[in-house]
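Data first, discussion second: the structure below is written as structure tokens.
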Amino acid sequence: MAKRKKGTQLPPGVHDILPEEQRYWERVRSVSSGLGFRRIDTPIFEFADLFMKSVGAASDIVEKQMYSFRTKGGDKLVLRPEETAPVARAYIVHGMHTLPQPVKLYYEGPMFRYESPQKGRYRQFHQYGVEVLGGESPIVEAQIIQLFFRMFQALKIKVLVEINSIGCKQCRPIYKKILSTYYRSRSRQVCADCRKRSGKNILRVLDCKEEKCQMIKQGAPPIVDHLCDACRNHFKMFLEYVEELDLPFVINHYLVRGLDYYSRTVFEFLPENIDKEEASRAQVALGGGGRYDYLVELLGGRPTPAAGAALGIERLIAYMKQSNIEIESKTKPRVFLIQLGEVAKKKSLKVFDEFIKNKISITESFGKESIDPQLSLANKLGVAYALILGHKEALEETIIIRDMKTGTQRTVPLSDVVKEVKKGLRG
Ligand code: HAM
């Protein structure tokens, strides 16, 4: 194959979403809207500081994955790698603490992370997420999990949720010391990355995928044994709520998540039947989230307990495709307008417009002149009806309605065509 010029190549890790794929996106959007949350859109770029402070200077996202650039004015900006921090920023900037609490928001849009591109991992990807700000009770996390399960169910995706608690400002530092001591005495047995992490951000050792570190990890003290009373109580109540939901979940004592803003509850949604030994969690997790009670305050707002979660839309779609979950496009045209001859062509624009006004999806091929190619296109598109406006019909102010399934045709007055097609589509 001839080598493509740089200008027509895609940069690594990004992808086009072609018309034939849109039906999957439509489907995800349709099951995610109307859940009682209000939509928020924030800018694609923000000050770098926002993510350094919140996601954490020592996190992979900030250390290795941010698309950052300086403006001519000298500001350091980044393409947003995630949306929780921007939503927390918006909550503060727009004084949302004055609204009835909790404030429930959702978003959908592109995120950017400079990761090594591979299956399930892109540099521009899309998230659907929800954030609940101003809610302290563990019922908030349980409700988010329930809501996402309903979405998975509607998309016919089978998932398992893994959950854990990573404590609070009081108990986590104590646990970190215990974990450090445990790893220090085993530093020769773990990988170089874990040795590095033990110094910088000890919790991240629990995220390690290296074969030789797994045994050490399995023997590490679990954090739930070291939670303070308030965190233990929160976790216990959370578990009770989740049990009530009757959903498949497991406690994973080593689930810590790679973003620094979390406190107490963390969770991740994994496809139910993956080989977890083989697949890297970072590539297969369909979504994740948790509580982040300090984030708003950290960014300069008032203390605001909060929780949220986000799904990776590309991963949901890849799963649907892999499992042959078929989806009909909602915007698939139902009607095809065929025109023959100059007089008919002139009239056809108006006919087309009538259908659009009546919200019946219609398509045409005005560039084609004879009937066969137009009919064969109508066939290919799988429309219910083809409308044939020939020279004779155009002069007589009539039009032929052809039922594409049965091949039967009838002529109706042009002024009745929308009404007749509507009737047929309903029937
Ligand atoms: P996250 O786990 O970094 O969490 O991302 C959430 C989901 O986005 C992942 O589970 C995955 O499905 C998808 N995702 C992440 N990176 C990529 C990538 N490079 N390519 C394709 N999909 C990807 C967050 O971003 C948090 N803000 C979630 C949250 C909301 N926590 C509280 N509220």
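When a residue number appears, it is its place in the shown sequence, counting from 1. Whatever order the structure lists ligands and atoms in, that order sets their numbers, starting from 1. No experiment lies behind these values; they were computed from the predicted model shown.
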R186 NZ/CZ over Y182 ring centroid, <6.0 Å and within 45° of normal: yes
Heteroatom distance test (G289, ligand 1): nitrogen or oxygen, under 3.5 angstrom: no
With sequence neighbours excluded, residues passing ring pair (Phe, Tyr, Trp, His ring centres under 6.0 Å) with H15: Y122
Heteroatom proximity flag, E83 to ligand 1, N/O under 3.5 Å: no
Close N or O approach (T84, ligand 1; < 3.5 Å): yes
N or O pair under 3.5 Å between V130 and ligand 1: no
N or O pair under 3.5 Å between F125 and ligand 1: no
Side chain to side chain contact (heavy atoms under 4.5 Å, CB included) involving R39 - partner list, sequence neighbours excluded: D41, Y106, E108
F267/F269 aromatic ring centres below 6.0 Å: yes
Ligand 1-proximal atoms of E131, by part, heavy-atom distance under 4.0 Å: side chain
N or O contact, L286 vs ligand 1, cut-off under 3.5 Å: yes
Heteroatom proximity flag, R121 to ligand 1, N/O under 3.5 Å: no
Selected option - heavy-atom contact closest to atom 25 (O) of ligand 1, from E115, Q65, Q118, Q127: Q127
For ligand 1, the portion of E314 having any non-hydrogen atom under 4.0 Å away: neither
Y107 heavy atom under 4.0 Å from ligand 1: yes
A310: numbered ligand 1 atoms lying under 4.0 Å from its heavy atoms: 6 (C), 7 (C), 28 (C), 29 (C), 30 (C)
